[in-house]
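In each ligand, atom 1 is the first atom listed, and ligand 1 is the first ligand listed. The first residue in the sequence is number 1, and the count goes up from there. Every value quoted in this text rests on a predicted model; they were computed, and no experiment measured them.
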Amino acid sequence: MHVLVTGGAGYVGSVVADALLKAGHAVTVLDNLQQGHREAVPKEAQFIESDYCSSKDLDSAFRQSGFDAVMHMAAETIVEYSTTDPRRYFHTNVVGGINLLDTMLRHKVNRIVFSSSAAVYGEPLTAPIEEDHPKNPINSYGLTKLMFEQILQWYGRAYGLKHISLRYFNAAGATEHLGEQHNPETHLIPNVLRAALTGTPVSVFGTDYPTRDGSCIRDYVHVIDIARAHVLALQRVDDLKAGGYNLGNGQGYSVLEVIQAARDVTGIDIPVRLRPRREGDPAVLVASSSRARSELGWNPRYPKLEPIIESAWQWMRTHRTTFTGPI
Ligand code: UDP
């Protein structure tokens with residue numbers, strides 16, 4: 001298939017584009033390079049520097065290329081800012097997303113795999129979280145992901161759009177050539193490893209959560225495993241009915257445990273600074289991914305935290321000049 005990957009110059013998007021190419025698909029990446037990096041787009045992919053919120057640009061991309069499917073990964077993603085500047089999230093993630101769907105319909109492209117998030121669940125009532133767990137997002141980022149999933153359901157019902165939403169838990173790790181590089185970086189593992197490289201303490205946001213050590217618990221999943229789930233979802237999007245699939249390893253690690261694991265991997269006594277809670281963070285997010293396993297045939301190759309951190313560390317060390325600048 002010829003797949004349009006929106007956000008394919010970003011962290012997860014570039015690894016997905018690479019996996020699609022390796023699986024024999026043709027790939028066009030569309031990215032405005034706001035967070036993405038031109039050099040992260042695989043050489044075999046076509047690249048369009050553009051914003052998916054522009055119908056004019058989208059129309060011309062769809063006219064020229066004849067896509068069979070879309071992987072929609074572009075979005076505003078920083079949870080914390082979504083609590084202080086929600087309109088950006090509604091405009092980009094919801095209004096822009098509808099614009100993308102309408103362009104797809106105009107050009108008779110009827111398959112989409114959507115990058116959704118564990119943030120759709122909000123503060124969980126049970127752990128691990130199953131897909132039919134109540135969805136009460138506590139930040140506008142999670143709400144925009146939930147709204148778009150629901151819009152997909154309606155477009156499926158009314159216009160025959162085939163869709164799968166993949167609810168990522170915490171994407172982490174790197175391939176040999178592609179890794180995480182956001183500006184600003186808000187994610188835990190790259191920040192912990194940058195502290196290892198620079199000696200500047202990493203912030204621990206909140207030590208008074210109702211968890212075993214007071215810090216937040218998350219389910220870290222290797223970006224390579226996330227990318228493999230996308231390839232599987234594309235194979236099955238025509239016949240699966242469920243809509244949403246969790247992608248996680250079913251094992252939660254606290255912020256302090258992640259820091260300790262990173263100390264073990266790097267051999268460096270990473271300094272920390274204890275800080276107040278960050279707005280919008282649920283205490284615990286751990287996935288049950290049994291639906292993805294049974295229906296998509298997804299079987300994570302990197303279920304343990306240390307190899308995930310190890311891969312991120314390898315990548316970061318080979319790109320160390322990018323990470324040793326001012327924080
Ligand atoms: N976190 C932290 N220090 C950092 C970055 C993140 O303590 O420099 C915490 C954050 O508050 C959350 C967890 O680590 O509890 C995971 O955050 P991240 O931004 O990596 O992913 P999220 O779960 O928000 O998508």
Can you list the atoms of ligand 1 that are under 4.0 Å from a heavy atom of [X]?
{"X": "Thr186", "answer": "5 (C), 6 (C), 19 (O)"}
{"X": "Val204", "answer": "7 (O)"}
{"X": "Asp281", "answer": "10 (C), 11 (O), 12 (C), 15 (O), 24 (O)"}
{"X": "Cys216", "answer": "15 (O)"}

State whether the shortest distance between N or O atoms of [X] and N or O atoms of ligand 1 falls below 3.5 angstrom.
{"X": "Asn191", "value": "yes"}
{"X": "Val255", "value": "no"}
{"X": "Phe205", "value": "yes"}

Carboxylate-amine/guanidinium proximity below 4.0 Å for [X] and [Y]:
{"X": "Arg291", "Y": "Glu130", "answer": "no"}
{"X": "Asp281", "Y": "Arg277", "answer": "no"}
{"X": "Asp225", "Y": "Arg228", "answer": "yes"}

Flag, side chain of [X] to backbone of [Y], donor-acceptor distance under 3.5 Å:
{"X": "Tyr89", "Y": "Ile78", "value": "yes"}
{"X": "His37", "Y": "Gln181", "value": "yes"}
{"X": "Asn246", "Y": "Arg167", "value": "no"}

Starting from atom 20 (O) of ligand 1, locate the nearest protein heavy atom and write down its residue, its atom name and how far away it is, to 0.1 Å. Leu188 N, 2.8 Å
Residue-level breakdown please: for Asn170 versus ligand 1, do any non-hydrogen atoms fall below 4.0 Å on the side chain, on the backbone, on both, or on neither? side chain
Taking the six-membered ring of Tyr81, is NZ or CZ of Arg88 closer than 6.0 Å to its centre and within 45° of its axis? no
Identity of the nearest option to atom 17 (O) of ligand 1, non-hydrogen atoms only, from Arg218, Arg278, His187: Arg278
Can you check which of Ala119, Ser215, Ala283, Ser203 brings a heavy atom nearest to atom 3 (N) of ligand 1? Ser203
For Thr83 and Asn139, which I'm curious about, is there any donor-acceptor pair between the side chains at under 3.5 Å? no
